[in-house]
Structures are given as structure tokens and as C-alpha cells.
2 protein chains.
Amino acid sequence: MSITVLVVEDEPAIQDLISYNLKKSGLTPICASNAEQATVMINNVLPDLVLLDWMLPNMSGLEFARQLRRNTRTQVIPIIMLTARIELEDKISGLEAGADDYITKPFSPRELTARIKAVLRRRIPEISDEIIEAGGLRIDPATHRVLAYCDDSCSKYNEVKLGPTEFRLLHFLMAHKERVYTRTQLLDRIWGDHVFIEDRTVDVHIRRLRKVLEKVNKDNLVQTVRGTGYRFSSEKSAYDEE
Amino acid sequence: MSITVLVVEDEPAIQDLISYNLKKSGLTPICASNAEQATVMINNVLPDLVLLDWMLPNMSGLEFARQLRRNTRTQVIPIIMLTARIELEDKISGLEAGADDYITKPFSPRELTARIKAVLRRRIPEISDEIIEAGGLRIDPATHRVLAYCDDSCSKYNEVKLGPTEFRLLHFLMAHKERVYTRTQLLDRIWGDHVFIEDRTVDVHIRRLRKVLEKVNKDNLVQTVRGTGYRFSSEKSAYDEE
DNA sequence: GTGATTTGTCACAAAATTGTCATCTTATTT
DNA sequence: AAATAAGATGACAATTTTGTGACAAATCAC
């Protein structure tokens, strides 16, 4: 499945440039030169993201953004605005229109793709309702329950009581078990992008999660990777040795 | 091995100035006055970096940059654009052309070489999440685990416990195995460039790395190249013979 | 509303990591 | 073989990172 980006930009040179760089990053660009064209295209394919020039003929980028936000179907699509440096003061009105990020021209390709990826990453985390089992734990997002098996037979178990955040944290870590995430990554993916929150807060939630898991004898499932972050793993961690 | 920089600049005075400064920094300049010349040169020698004036006769710098990006062979070569300040402020300014950085004229020699080095350095540290195996070791950046196999069958192994720096050091050396790096290079690549750390500190970290590897019988993987630096190799080193 | 629960932050404790030194070893040169 | 240079090694203090309990604000349930 490919990720499509609707590029709304009237200047052909910049359009080409953006197209080129998106393709290089494995994204699929769909281009429109003005708001009218873009509106038509949106009716065909729902893009995963809109890259929108601030200055557009006829309708301003701002106006188009508002239009997107008004429609239920397009409401959730993230928008990145392209603006010239001088226009930057209008940032506030752009925010009101619901842009998720800004890129000021001139920009480097690196910056372009970095921002796009950041915004895409921040999207509501994939809420899969799949039941996940690992390390003697079973998490069921649909019923919002976590069971801790007492032994290998699946007969005896305890239910684990978690707060909302602890639940999401455990769910995320279990869904990507073995993989290490930094505190910032966890904040981005679990808390969302309103990151006014300290990195260290993650520690505290990890701590709370661990505390609950300890009560059902599921220690060491949530492991610290010093200097990096945390990981869910049913394997023993080298850091746990003494 | 010398690092070559293709300088595309029509004004002889500036060309000379740049040439002079590049040489002084140990880089090898190749000069061209226009895009046509530059195209020919590129066919002869692939430069490590292109320093490109924005304003060129016949073909604009932007156009030449695009041309480079279109060709697979030259696609990855970093480009630094030279632009007058007035052009930069201009909306149409084409830094977006796929340049990796830009320098506004007038510039100081110090800035010139600093930018070049920064861009060149950025080239390599693409730390991918790829699993690397070599010499009976397996390093997995995603899970942040290092396994040492006990024998050739991949069945038995020990996990190796490394501190953050040791991990990065091992990862870097394994990612470029067989290749020798000086202490300064290692400091630049692993610690970052703005550090004011003694060269000797690298020795200590190498030592720590070795110590851990010895515990799992993986001696001689990190080898000393006397008078130069260190290298990761699964081959025996000539220095280890007696 | 009231009381329970959840949440983010802080302060302090505990633990691990890191850079530097002084001192040995080992190689290279003279 | 002595002198010199380069690297190895162990110790150590400073710094950084993480763990942990407490607390107040915010939220939720009723």
C-alpha cells in the first residue's frame, strides 16, 4: 500500500521538484495547480496528506485548508503548508485553518521529507483490535482487557488492571515487541503530538506499568535499554544480568 | 584517497578563491565555469560533492542540479548551492532544487569548509536499522541487542551487554567492517563533531568493548592498526600474529 | 457536588556510564 | 640494547541516566 500526498502548488518548477523528492522517499505524489483541480482530485482519491502552497490563484491556500476541514471525509487529513519566509507572520491564521505543520521556502528536500514523515507518524496510531499474546500476557484491545497467565497452560490467569495510559503504553509496546523506542517516540505515538510533556513522564508511566505487572509475576517484560529507551520483550535482557 | 569537489562557478576570481581554500583543507577541487563543462567532467571523475553557483551562463544552477538528480550515477552526490543573499530572499529561490545545503555570498573560507565537511560527514552516518552479522556476532539496532554465537550453528548464543557508546562504536565498526578508522574519525562519527574529547578516550572505549567481547570468546574482532586506528574484522590481523 | 482515579511533574536516591590520568606493555627506531 | 613512540589497562571522580515515592491538578464516576 502506498502513501499518497496531494501536492497543491501552482509553480510547475516547484511542483516537479516536490514530486521528484516525494517519489524518492517512496511516497506517491498527486499534483494539482490550484484549488479547483485539487478539489476534483480529492473526490477521486483520498490522500494521506496534503502539501499546500500558501499562495494559490483564485483561492488562497488558507481557504482551501478551511474547505478541507469543513468536510467530514477530509477533516482528518493532515495538512502541511508551504509558505515563503516573509509570509511567516501569517502563521497564526494558518494554524486556525488547521494546518499541521509549516515549511518555509526555501526548504531542503531533506526537510521536506522529514516533516512529512513526522506528520504522518503522528497520525492516530494504528488502532488494531488484534489480540496480542506475548510473555504470558494477553492483551485484547476490543474488550480492553489484559490477562496474565499463571503458567504455560492457559487455564489459570489473573486479570490485570491498568489505567488508560498504561494500557495504551503496554499495547503499543506489545504490538512492537522486541523493538526499542525512545521516550520521545513513545510520546509521539502514544500521547500524540501535543508534546508539552516531559520525556521523563514516560519513565513514570513505565514504572506504573511495571508495578502492576509485578503483582502478577510478570517482571522484566518491560525492559530498560540504557541510553535509548524501553522495550517489551519476553526474552531476558542483557541489562538484567548481575 | 582524496576527496574531490566539483566547483561550478563562472566568475574566475571566486573560482580561484574557492580552489585555494579547498586545497588548504586537503580537498581536491575540480573546476568548471559552466554547466556544459561540468557535465563533461562529471563523466570523467565522479566528485564526492558539488559546489554549485546558482547563477550560471546558459543553464541555471538549478537546472544543472536537476540534471544531476535525474541521473542514477550522480543522484547521491551532495550538492551545495552558492547564492547571493538577494537571490535567497527571493521567493523563487531554488534551494529546493535538491541541494543539501547552501552558502550565501559573500562567505568566509571558514564557513565554506565547515559546510562542506558537515555535508560530507552527513553522507555516511545513515545508521540503518539493518541487522549486521560478522565474525559470529549479530547486532540488531532495532531491538538494540548484540548476540554472540557460541559455534557455527546459530543455535547457541549469549547476549552481550554494552553501554550506549560501546554499542554505537561496535555498530559503526561492524557496519564498515574491515575498514580502518582513525581515532579522530571515530570521534567525529560516533560522538558527533562538536565534541572536545581526547583522542585517547577512544582507546578506552575500544578497550571496554574488547573486554565485553572477550567474555563471550570473541577476541580479535576489534583490531588495532598501529599508527592509524582501529578496525572490525573477522579475518585475523597481521598484528596479532607472533 | 463528592470522592476516587488518573496524570504530569518534581525531588531525591540509586545505578550506570564516561572522560581522563597514571602506569604498564608492546612495538619501532636508532 | 637503550631510547622512543604508541597502545593497553585499571582506577576514579564527575556526570548522566534511570528508578521511585510523593503530591497537586485534572478528570471521571456517580
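Residue numbering restarts at 1 for every chain, and letters A, B, ... go by the order of the sequence lines. Because the structure is a prediction, the values reported are computed rather than measured.
- For B:L147, the side-chain contact (heavy atoms from CB on, under 4.5 Å) partners are B:R138, B:Y157, B:E159, not counting sequence neighbours.
- Listed by chain and residue number, nothing satisfies the salt bridge (Lys or Arg N to Asp or Glu O under 4.0 Å) test with B:R208 (two or more places apart in sequence, or in another chain).
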Produce the list of close N/O pairs, under 3.5 Å, pairing protein atoms with atoms of nucleotides 19-24 of chain C; give distances to one decimal.
from	atom 1	to	atom 2	distance (Å)
C:dG19	OP1	B:W191	NE1	3.0
C:dG19	OP2	B:W191	NE1	3.4
C:dG19	OP2	B:H205	NE2	2.6
C:dG19	N7	B:R208	NH1	3.4
C:dG19	O6	B:R208	NH2	2.5
C:dT20	OP2	B:E198	N	3.0
C:dT20	OP2	B:T201	OG1	2.6

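- Residues meeting the salt bridge (Lys or Arg N to Asp or Glu O under 4.0 Å) test with A:R179, sequence neighbours left out: B:D129.
- In the helix from C:dG1-D:dC30 to C:dT30-D:dA1, the rotation axis of the first five pairs and that of the last five pairs differ in direction by 40°, rounded to 10 degrees.
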Can you check nucleotides 13-17 of chain D for protein contacts, nitrogen or oxygen pairs under 3.5 Å, and list what you find?
from	atom 1	to	atom 2	distance (Å)
D:dT17	O2	A:R226	NH2	3.2

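- Partners of B:D140 according to the salt bridge (Lys or Arg N to Asp or Glu O under 4.0 Å) rule, which considers only residues two or more places apart in sequence or in another chain, do not exist here.
- For B:N158, the side-chain contact (heavy atoms from CB on, under 4.5 Å) partners two or more places apart in sequence, or in a different chain, are B:C150, B:V216.
- Backbone-only engagement by B:Y230 is indicated by non-hydrogen atom pairs under 4.0 Å involving sugar-phosphate atoms exclusively.
- Here B:K215 pairs with nothing under the side-chain contact (heavy atoms from CB on, under 4.5 Å) rule; sequence neighbours left out.
- Pairs of residues two or more places apart, or lying in two chains, never qualify as ring-ring contact (aromatic ring centres under 6.0 Å, His included) while including a residue from residues 206-234 of chain A.
- Qualifying side-chain hydrogen bond (donor to acceptor under 3.5 Å, both in side chains) partners for A:D219, counting only residues two or more places apart in sequence or in other chains: none.
- Under the side-chain contact (heavy atoms from CB on, under 4.5 Å) criterion, B:T184 pairs with B:T182, B:D199, sequence neighbours left out.
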